[in-house]
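Working notes, structure below.
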Amino acid sequence: MLIATWNVNSVRTRLSQIIDWINQFNPDILSLQETKVRDDSFPFEPFEKLGYSVEVYGQKSYNGVAIISKIKPENVKKGFYGCKDSDHNIETFLDQKRLITADINGIKIINVYVPNGSSLDSDKFEYKINWLNCLATFLDEQEKKGELICLMGDFNIAPSNLDIHDPKKYEGGIMASKIERKALNNVLEGRLIDSFRVFEQNTGHWSWWDYRNNAYELNKGWRIDHIYISKELSSNLKSCVMDSLTRANLRPSDHAPVMINLDLNNINVDFLENENDFFEI
DNA sequence: ATGGCAGAAGCATTCTGA
């Protein structure tokens, strides 16, 4: 099963590129971020013509997420739900459409567009950290239910200095601060693994390049788009690829798609009883 | 320190992104 995530920076502007990409890679699930469109204006037809179901959670101008899936998603939910931690008031996050979840093939698909945060001293940064803390609480709830999870999207965080083209210049700043990395680790909490780092431990692999200063041509990028999966799925993970060539398109998104191949033929349904088995390969 | 580039809204210019 091919699962992909892509911040497309406007689904309507990028529509033909997205359809081309689907025809090239034939994903089973494609999570989109920054769709930048109200649900009643979303271009459903081109995706449905290719046999996909489309679940959207958008708003005018900003943000917006969508799940495009060959298998019809079940239990679709929009926005945070089930967060019992009163410190993280869910209602404060309702006006920004940044999270959509669905059950597909026995896996809880969680598609996120994490706030950018602007700069460390801004109100938006506080919002980003609070949002991530609410996401951590949300994942706690999923874990209690024993869900197998695929958490993917634009996290707007480089998890380590290996994920920045110039760490000396950017370390400690937005997307590369200790506070953000701690908040991200709190979300992952040892229960989720970074699919890309299973296969590649070196620097020099990016999912985002600034539109400015010829960043793509100079390959000055960041790795801020991620696919995290439950540890219990690690033996099913066959590959993780960032399709950097997509960034070379005419009028591209500033992000490239990230995708994983999950082989679900031998899914271990007994993982709860045998939580150490998957380490023994 | 700032701007640079892009998209949406809407028609000049501002807001936002990362």
Side-chain angles (χ1 to χ4, degrees), chain A residues 5-19 21 31-43 56-66 92-93 95-99 111-132 135 152-181 183-184 203 205-226 242 244 246-258:
Chain A
T5 177
W6 190 7
N7 179 325
V8 292
N9 188 13
S10 172
V11 68
R12 290 177 291 181
T13 295
R14 223 66 64 199
L15 184 58
S16 65
Q17 290 183 46
I18 301 170
I19 296 301
W21 193 87
S31 289
L32 303 180
Q33 302 88 37
E34 281 207 90
T35 52
K36 294 186 172 180
V37 65
R38 278 194 299 254
D39 294 351
D40 57 10
S41 300
F42 193 98
V56 299
Y57 187 46
Q59 65 187 97
K60 188 169 77 171
S61 301
Y62 307 114
N63 309 318
V65 285
T92 63
F93 301 115
D95 56 334
Q96 298 190 20
K97 316 305 186 190
R98 297 178 175 276
L99 180 144
N111 175 17
V112 296
Y113 174 45
V114 177
N116 165 263
S118 189
S119 63
L120 269 64
D121 57 357
S122 73
D123 292 344
K124 290 175 183 173
F125 186 79
E126 189 179 354
Y127 185 92
K128 179 179 194 174
I129 300 304
N130 288 339
W131 198 96
L132 285 164
L135 180 61
M152 67 187 129
D154 175 1
F155 286 77
N156 276 316
I157 299 173
S160 84
N161 284 354
L162 293 175
D163 303 307
I164 316 172
H165 70 271
D166 188 349
K168 281 180 188 169
K169 181 175 180 182
Y170 294 107
E171 183 183 24
I174 193 68
M175 302 195 295
S177 69
K178 284 183 182 174
I179 299 171
E180 288 160 274
R181 287 172 174 172
L184 175 59
T203 188
H205 302 275
W206 320 125
S207 70
W208 174 80
W209 298 257
D210 201 311
Y211 282 124
R212 297 163 290 189
N213 306 319
N214 263 335
Y216 182 69
E217 288 72 14
L218 299 170
N219 201 22
K220 293 183 173 180
W222 295 57
R223 194 176 72 93
I224 56 176
D225 300 86
H226 311 295
M242 298 194 287
S244 58
T246 299
R247 182 62 174 78
N249 287 351
L250 194 64
R251 290 190 75 197
S253 166
D254 44 354
H255 296 254
V258 184

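Within every chain, numbering begins at 1; the chains are lettered A, B, ... in the order of the sequence lines, protein sequences first and strands thereafter.
Proximity note for A/Y62 (side chain, C-beta onward) versus B/dT16, B/dG3, B/dG17: the nearest is B/dT16. Checking B/dG7, B/dG4, B/dG17 against every side-chain atom of A/T13, the shortest atom distance belongs to B/dG7. Out of B/dA6, B/dG4, B/dG17, the shortest distance to the side chain of A/R98 is found at B/dG17.
The OH atom of A/Y127 sits 13 Å away from the P atom of B/dT16 (whole-angstrom rounding). When rounded to the nearest whole Å, the span between CH2 of A/W131 and P of B/dG17 equals 13 Å. Atom CZ of A/F125 is separated from atom P of B/dA18 by 15 Å (rounded to the nearest Å). A/I224 has its CD1 atom 6 Å from the C1' atom of B/dA18, to the nearest Å. The interatomic distance linking A/R14 (CZ) with B/dA8 (C1') rounds to 12 Å, in whole Å. Atom-to-atom, CG of A/D210 to C1' of B/dG7 comes out at 14 Å; the value is rounded to the nearest Å. Summarising the geometry, the separation between NE2 on A/H255 and P on B/dG7 is reported as 13 Å, rounded to the nearest angstrom. When rounded to the nearest whole Å, the span between CE of A/M175 and P of B/dT16 equals 18 Å.
B/dA9 and B/dG3 are spaced 23 Å apart, taking the C1' atom of each and rounding to whole Å. Of the C1' atoms belonging to B/dA12 and B/dT2, the separation is 23 Å, rounded to the nearest Å. Using P as the reference atom, B/dA1 and B/dC15 are 22 Å apart when rounded to the nearest Å. Comparing the C1' positions of B/dC11 and B/dG7 gives an interatomic distance of 15 Å, to the nearest angstrom.
Looking at A/K36 and A/N9, their side chains come closer than 4.5 Å, going by heavy atoms from C-beta outward. Within the 4.5 Å cutoff, the side chain of A/W206 has no heavy atoms near those of the A/I224 side chain. Residues A/Y113 and A/N156 are in side-chain contact: their nearest non-hydrogen atoms beyond the backbone lie under 4.5 Å apart. Put simply, the side chain of A/E180 reaches to within 4.5 Å of the side chain of A/I174, judged on heavy atoms. A 4.5 Å side-chain heavy-atom check between A/W208 and A/N7 finds every atom pair outside the cut-off. Using a 4.5 Å cut-off on side-chain heavy atoms (C-beta onward), A/W131 and A/V112 make contact.
When each of A/N111, A/N63, A/D225 is tested with A/Q33 by the rule side chain to side chain donor-acceptor pair (under 3.5 Å), just one qualifies, namely A/N111.
If you check every strand for non-hydrogen atoms under 4.0 Å, A/K124 touches sugar and phosphate atoms only. Here A/Y113 lies in heavy-atom contact (under 4.0 Å) with sugar-phosphate atoms only. Looking at heavy-atom distances under 4.0 Å, A/W208 makes contact with sugar-phosphate atoms alone, never a base. Residue A/D154 is in sugar-phosphate contact alone, with no base atom involved, counting any heavy-atom pair closer than 4.0 Å across all strands shown.
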Between protein and nucleotides 9-14 of chain B, what N or O pairs are separated by less than 3.5 Å?
none

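Nearest-nucleotide positions on DNA chain B for A/Y211 and A/N7 put A/Y211 closer to the 5' end.
A heavy-atom distance below 4.0 Å to DNA chain B is reached by these residues of residues 155-163 of chain A, ordered by number: A/N156.
Side-chain N/O atoms of A/R212 include none lying less than 4.0 angstrom from OP1 or OP2 on B/dG17.
The distance from the CD1 atom of A/I157 to the CG atom of A/L132 is 5.0 Å, given to the nearest 0.5 Å. Note: A/R223 CZ to A/D163 CG = 4.0 Å, rounded to the nearest 0.5 Å. The structure places CG of A/L120 at 8.0 Å from CD1 of A/I129, a figure rounded to the nearest 0.5 Å.
A 6.0 Å sphere centred on CG of A/D123 holds no more than 12 heavy atoms belonging to other residues, nucleotides or ligands.
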